[in-house]
> 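Before anything else, here's the structure in question.
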Amino acid sequence: MIQKIHFVMLMIGQNNMIGLKNFLLNKNSGITFSFFTPIYFLTLIFMAIILLLILINEKKIINCLKNNEKKFRIIIGTFLLFAYILRRGTFILFGFYNWRFHLDINFCSFVNILFIIYCFSGNKKLYTLCYYMVFIGPFFAIIFPSISSSIFNYSFLNFIIIHHFIFIFNYLFLQINDIDFSIKQIVKVNLFIMIFVIGTYIFNSIFGTSYNLFYSFISPKLLNIGIFNSILENKILSILSLLFLNYIGVLVAIFCLKWTIRKKELAM
């Protein structure tokens with residue numbers, strides 16, 4: 001009897017391990033998340049509800065976060081770091097990691113890394129950079145998601161973390177950090193992003209990789225439209241398109257920043 005129970009428990013454990021492995025390696029099928037699917041709209045509604053709840057209870061939340069600013073940063077940083085290690089560590093553990101495909105040159109993944117560094121360091125200048133980059137990367141990826149994945153795979157959860165969650169975290173950090181708008185900041189951010197884009201282009205040219213940043217901002221469904229394929233095939237147009245998206249993202253970030261500054265002034 002004891003042997004039978006032990007055998008059943010062993011089988012359950014093995015099945016759970018296989019299920020976990022399939023989840024982490026994105027091998028499950030089922031309900032799909034991609035651009036303009038029902039799950040896509042549900043994620044937007046979820047984020048809108050979270051932001052609305054934050055706005056309704058903003059004073060209480062902000063006061064609480066200001067009094068525990070360092071703890072809040074460490075908790076968020078630990079959460080993002082754990083998610084990052086789980087994502088890359090799993091691929092390394094099971095022998096699926098390939099530097100030609102899995103380097104975090106993807107813009108949003110890079111923003112995630114910078115955000116983690118800020119959370120643990122508390123560097124205000126780094127946060128200013130992160131603030132604008134969230135509006136340039138994750139903001140557009142939320143609207144035009146570039147993945148198509150089952151919601152039963154870790155890739156879906158990871159996408160939500162490094163885009164939707166980081167966007168929400170970014171808004172909360174904006175409320176407890178004093179950022180003043182200046183043209184100098186905008187120039188620095190744009191210069192940094194231009195260096196990043198050109199650096200990625202050079203990396204691709206040297207190592208023969210295909211880390212195309214344009215794919216980070218656009219849904220595969222939109223790539224079926226001829227004009228987007230034409231842009232991708234032309235390297236100059238691809239870079240100019242990225243710079244245009246950068247410009248739009250910065251404008252949205254400036255609007256949000258000025259609105260926040262105005263709220264803080266009225267609250268004094």
> I need the minimum non-hydrogen distance between Phe159 and Pro145, along with the two atoms involved.
CZ-CB, 3.6 Å
> Phe91 versus Asn26: any side-chain heavy-atom pair under 4.5 Å?
yes
> Which residues pass the salt bridge (Lys or Arg N to Asp or Glu O under 4.0 Å) test with Arg262, sequence neighbours left out?
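Once residues adjacent in sequence are excluded, the partners of Arg262 under the salt bridge (Lys or Arg N to Asp or Glu O under 4.0 Å) criterion are Glu265.
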> In terms of the angle between their ring planes, are Phe169 and Phe79 parallel, tilted or perpendicular, with boundaries placed at 30° and 60°?
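The rings of Phe169 and Phe79 stand perpendicular, inter-plane angle above 60°.
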> Are Leu245 and Ile136 packed together at the side-chain level, in the sense that at least one heavy-atom pair is separated by less than 4.5 angstrom?
no
> Is there a donor-acceptor pair closer than 3.5 Å between any side-chain N or O of Asn106 and the backbone N or O of Ser109?
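Yes, because the side chain of Asn106 sits within donor-acceptor range (under 3.5 Å) of the backbone of Ser109.
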> Mind checking the OG1-CG spacing from Thr209 to Leu103? Nearest 0.5 Å is all I need.
8.0 Å
> So Ser148 and Thr32, do their side chains get closer than 4.5 Å, heavy atoms only?
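Yes; the side chains approach each other to less than 4.5 Å.
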> Name all residues meeting the side-chain contact (heavy atoms from CB on, under 4.5 Å) criterion together with Ser182; count only those two or more places apart in sequence or in a different chain, and write none if there are none.
Lys184, Gln185
> What heavy-atom pair brings Ile76 and Cys119 nearest, and what distance separates the two atoms?
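Heavy atoms only, the tightest pair is CG2-SG, 3.9 Å.
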> Mind checking whether Val134 and Ile166 have side chains closer than 4.5 Å, heavy atoms only?
yes
> Not counting sequence neighbours, which residues clear ring pair (Phe, Tyr, Trp, His ring centres under 6.0 Å) with Phe82? List them please.
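Counting only residues at least two positions away or on another chain, Phe82 forms no ring pair (Phe, Tyr, Trp, His ring centres under 6.0 Å).
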> Taking atom CZ as the centre, does Phe255 end up with more than 12 heavy-atom neighbours from other residues, nucleotides or ligands that are less than 6.0 angstrom away?
no
> Which pair of non-hydrogen atoms, one from Phe181 and one from Ile186, has the smallest distance, and what is that distance?
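Looking at all heavy atoms of both residues, the shortest contact is CE1-CG1, 4.0 Å.
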> Would a distance-only check, ignoring hydrogens and angles, find a side-chain to backbone donor-acceptor pair under 3.5 Å from Asn153 to Ser155?
no
> Please lay out, stage by stage, how Ser150 and Asn28 fare under the test side chain to side chain donor-acceptor pair (under 3.5 Å).
CA-CA 7 Å; Ser150 166; Asn28 290 321; over 6 Å; no
> Return each pair, listed once, that meets salt bridge (charged side-chain N to carboxylate O under 4.0 Å, His left out) where at least one residue sits in residues 69-80; pairs must be two or more places apart or across chains.
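Only Glu69-Arg73, Glu69-Lys124 qualify under salt bridge (charged side-chain N to carboxylate O under 4.0 Å, His left out).
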> Given side chains that start at C-beta, do those of His164 and Phe46 come closer than 4.5 Å, heavy atoms only?
no
> Got a sec, which pairs hit salt bridge (charged side-chain N to carboxylate O under 4.0 Å, His left out) with one end in residues 158-179, sequence neighbours left out?
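Non-adjacent pairs meeting salt bridge (charged side-chain N to carboxylate O under 4.0 Å, His left out): Asp178-Lys264.
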> Between Asn177 and Tyr118, is any side-chain donor less than 3.5 angstrom from a side-chain acceptor?
yes
> Do the non-hydrogen side-chain atoms of Ile254 and Tyr132 ever get within less than 4.5 Å of each other?
yes
> Is the side chain of Tyr131 donor-acceptor paired with the backbone N or O of Leu126 at a distance under 3.5 Å, no angle test?
no
> Locate the shortest heavy-atom distance separating Gln175 from Lys263; write the atom from each residue and the value.
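So the two residues come closest at OE1-NZ, 3.8 Å.
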> Under 3.5 Å, side chain of Tyr40 to main-chain N/O of Ile143, donor-acceptor pair present?
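Answer holds: yes.
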> Check for me whether the distance between the ring centres of Phe207 and Phe203 falls short of 6.0 Å.
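So the answer is yes for these two rings.
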> Spell out, as yes or no, whether a donor-acceptor pair under 3.5 Å connects the side chain of Thr90 to the backbone of Leu86.
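Looks like yes, one N/O pair under 3.5 Å.
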> Mind checking what makes ring pair (Phe, Tyr, Trp, His ring centres under 6.0 Å) contact with Phe115, not counting sequence neighbours?
Phe173
> When you measure from the side chain of Asn67 to the backbone of Asn63, do you find a donor-acceptor pair of N or O atoms at a distance under 3.5 Å?
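Yes, the answer is positive, given that a donor and an acceptor are paired below the 3.5 Å cut-off.
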> Could you tell me which non-hydrogen atom of Cys108 sits nearest to which non-hydrogen atom of Ala141, and how far apart they are?
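Looks like SG-CB, 4.0 Å.
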> Report yes if the side chains of Ile61 and Leu172 come closer than 4.5 Å at any heavy-atom pair, otherwise no.
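Side-chain contact under 4.5 Å: yes.
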> If you look at every heavy atom in Thr78 and Phe120, which pair is closest and at what distance?
N-CZ, 3.5 Å
> Would you confirm whether Tyr127, through its side chain, and Leu174, through its main-chain N or O, come within 3.5 Å as a donor-acceptor pair?
yes
> Answer yes or no: is there a side-chain heavy-atom contact under 4.5 Å between Phe135 and Leu251?
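The answer is no, as the side chains (C-beta and beyond) never meet within the 4.5 Å cut-off.
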> May I ask you to check whether Tyr84 and Asn158 show a side-chain donor-acceptor distance below 3.5 Å?
no
> Output yes when Arg87 and Asp104 qualify as a salt bridge under the 4.0 Å nitrogen-oxygen rule, no when they do not.
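Salt bridge present between Arg87 and Asp104.
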